[in-house]
Amino acid sequence: MLSNIFRNPELKRNAWLELKPNRVFALLGLITLAFIITATAMVKEDLSEYYKMAEFLMNTALFILYLITGIWGSKNAADAVADEINQKTWDRQRMSGQSPLTLTIGKIFGPTLLQWLGGLSAMLVYFCAALASENVGQSITNGLIYIALVLLMNLSALLFSLLTITGSTQSAFSHAKINTTLFFILSVVGVGWLSFYLALIGEEKGAISWFGLIWNNLTILISLLIFIGWCFIGIHQNLRKELQYRNTQKYWLAFLVFTGLYFYGFTWNMPIYTSDYSTSYIDPQLFGLNAVYYHLALVCLVFFLLTQFLLIFERPTENDYTLFLQALRKGQFKKTWHHAPLWFSVVLGLTLSLLLLFVLQIAGLAKHKLPLIFRELEILSFQHNFAWSYLALIFLVLRDVLMTRTLLYRSKYKNKVLSLALYYALIYWAIPLLFMIVADHRVSAENYFLPFFRAVGWFSPVVLAGQALAAWWLHWRYFTSQTRTS
C-alpha cells in the first residue's frame, strides 16, 4: 500500500513542481528565522517570569502550522481540481487511467506537499519543546489535535470546491473560470472557529459529555480523525463520479446516520442564566422521552444547518435534477434515490425529527426545557407556543428548497451563489426588517418569516405553509415549462 502511495503519479508530479530546492530552503529558512526571533524576543524582553521558553516555541510552531499548512495549504487544496479545469487539462486527468483512490490521495496531498513540509518541520520543534513542558502528555495530544484540525481544513476546502465544481456527472462549469476563494474562506473560518471552540471547551473540565462520557482532548482527537475519514470518503466519491463511475447513496446515508447519532449523544453541562440572573444547570441526567426531546433538538439544528449549506453549494446538473423530479412524481423510488441530490435525504431526516419533536411537545410528553444552544432564540420563555414552530420549520425548509432550486436553474446570473445569497439576505433579514419598520412594531414579523421566536400558536405554520405553496407554484411553473419545451 505504501509503495503504491509513493508511486502515485499525482504526488510525483506535484513533488517535482513544488519541492524545488530553492523553495524548500527558503521556506525552512523563514521558519527557522521565526523561531530565532521568538526566542530572542523572549530573552530580550525578559518574559521568562510569565512564560517558559517551551510555551513560546510551542505557540510559535502552532502559529506557523496554521499560517503555512492551514491557510496557504487550504487555498492550494481548494484549487487542486479548479486549476486543472481552468487550464483545460482536467480531461486529460480523467482519461489518464488513474483509479479514484490514487487520484484522491494525489489531489489531497499533492498540491500541499510544500506546505506540509513546512508545517511538520515547525511541529517537530513543537514536540521537542513539549517534552520540556509541565504536562507532556497533554501538550503532545494538543499538537496532534492541531495537526488534525489543519488536515481537516485542507480536506474541507477541497471537498467544498468539489461539491460545487464536480458534484454532478460532468464538470458542469468546465467552460468557465472557477474561483475557489469562497470555499477556501469557508474552510479556514469554519475550522478556525472549531479550533477556538475546542480550546474553550478544553478549559472547562466536564463542560460537555457524550453518552455519559466526559469530553476531553483524547475524544476530541478521535472525533477529528473520524471526520477526516468522512471528508476523505466524500472527496473520493466526488472524484469517482468525475471519472464516470456510478456511485450509490450508501456512504451518504451512513454519514447522516453517524452524524445524527454523534450529535444526539452530546449533553451540555455548563450553567445557564435565567431571567432573574440566578445560575441553573441543564440536568445531564435525563431519561425517557425528556432525553429524546433534549438530544433530538440538537440533531435537528445540525440537520437544518446542513440542509441550508447543501442548498447553497450543491449544484447537480439541471438534467439530473429533472430526472429526480420525474422519478419522484411517478413513485419510482429506486430511480429517485439514484438521482436524488444530497439535501433530499437530509430534509427527510429533518422532517421526521421535527414531527417527532412536535408530537412530544404538543402532547406534553416532554417537559424539559431546551438547552443553552437555543437560548438566543428566546424559546425558554415561550415553551407553550414553540411546539407549533416545529411544524413551521418544516414549511420553511420546504420553501427554501423550492425557491433555491428555482433560482439555481432559472437565474440568468453566472454566479449562482450570489443569486442564492441574495435570496437568503432578503427572506431572512431585509424583508422581515422592512415589515417591522412599516408595521411600526405593532405586528411581530418573526411570525411571518422566522418561526424561531415568538410564534403565536398555529399562526406561524399557516403563514409559512402559504409561502411554501407560493414557492411550489414558481418551481412547478418553471420545470413544467422546461419539460414542454424539451
Discussion item. If the condition is ring pair (Phe, Tyr, Trp, His ring centres under 6.0 Å), which residues does F303 pass it with, not counting sequence neighbours?
Written reply: none
Item to complete: Tell me, please, which residues at least two apart from Y409 pass side-chain hydrogen bond (donor to acceptor under 3.5 Å, both in side chains).
Response: none
Worksheet entry | Contacts of S419 that satisfy side-chain hydrogen bond (donor to acceptor under 3.5 Å, both in side chains) - sequence neighbours left out | none
Practice prompt. List for me each residue that meets ring pair (Phe, Tyr, Trp, His ring centres under 6.0 Å) alongside Y423, sequence neighbours excluded, and say none if there are none.
Written response: none
Discussion item. Parallel, tilted or perpendicular, judged at 30° and 60°: which one describes the rings of F263 and F266?
Written reply: tilted
Fill in: Pairs meeting criterion side chain to side chain donor-acceptor pair (under 3.5 Å) with involvement of residues 246-260, two or more places apart
R240-N247, W252-S345
Anything under 3.5 Å between a donor and an acceptor, one on a side chain of residues 348-358, the other on a protein residue two or more places apart or in another chain? List them.
unit_1: T351; atom_1: OG1; unit_2: V347; atom_2: O; d: 2.7
unit_1: S353; atom_1: OG; unit_2: G349; atom_2: O; d: 2.9

Worksheet item: Does the side chain of T219 come under 3.5 Å of the side chain of N216 through a donor N or O and an acceptor N or O?
Response: yes
Worksheet item: Can you name the residues that form a side chain to side chain contact (heavy atoms under 4.5 Å, CB included) with I108, not counting sequence neighbours?
Response: T104, L155, L158, F232, I235
Practice prompt. Using side-chain hydrogen bond (donor to acceptor under 3.5 Å, both in side chains) as the criterion, list what pairs up with H236, not counting sequence neighbours.
Written response: none
Item to complete: Could you list the residues that satisfy side chain to side chain contact (heavy atoms under 4.5 Å, CB included) with W72, not counting sequence neighbours?
Response: R23, L27, I68, N76, L114, Q115
Worksheet item: Taking only residues two or more places apart in sequence, or in another chain, which ones meet Q237 in a side-chain hydrogen bond (donor to acceptor under 3.5 Å, both in side chains)?
Response: none
Worksheet item: Hey, what's the ring geometry for F211 with Y264, parallel, tilted or perpendicular (30° and 60° as the breaks)?
Response: tilted
Worksheet, complete the sentence: With sequence neighbours left out, the residues meeting ring pair (Phe, Tyr, Trp, His ring centres under 6.0 Å) with Y245 are none
Worksheet item: Residues in ring pair (Phe, Tyr, Trp, His ring centres under 6.0 Å) with F309, at least two apart?
Response: F160, F313
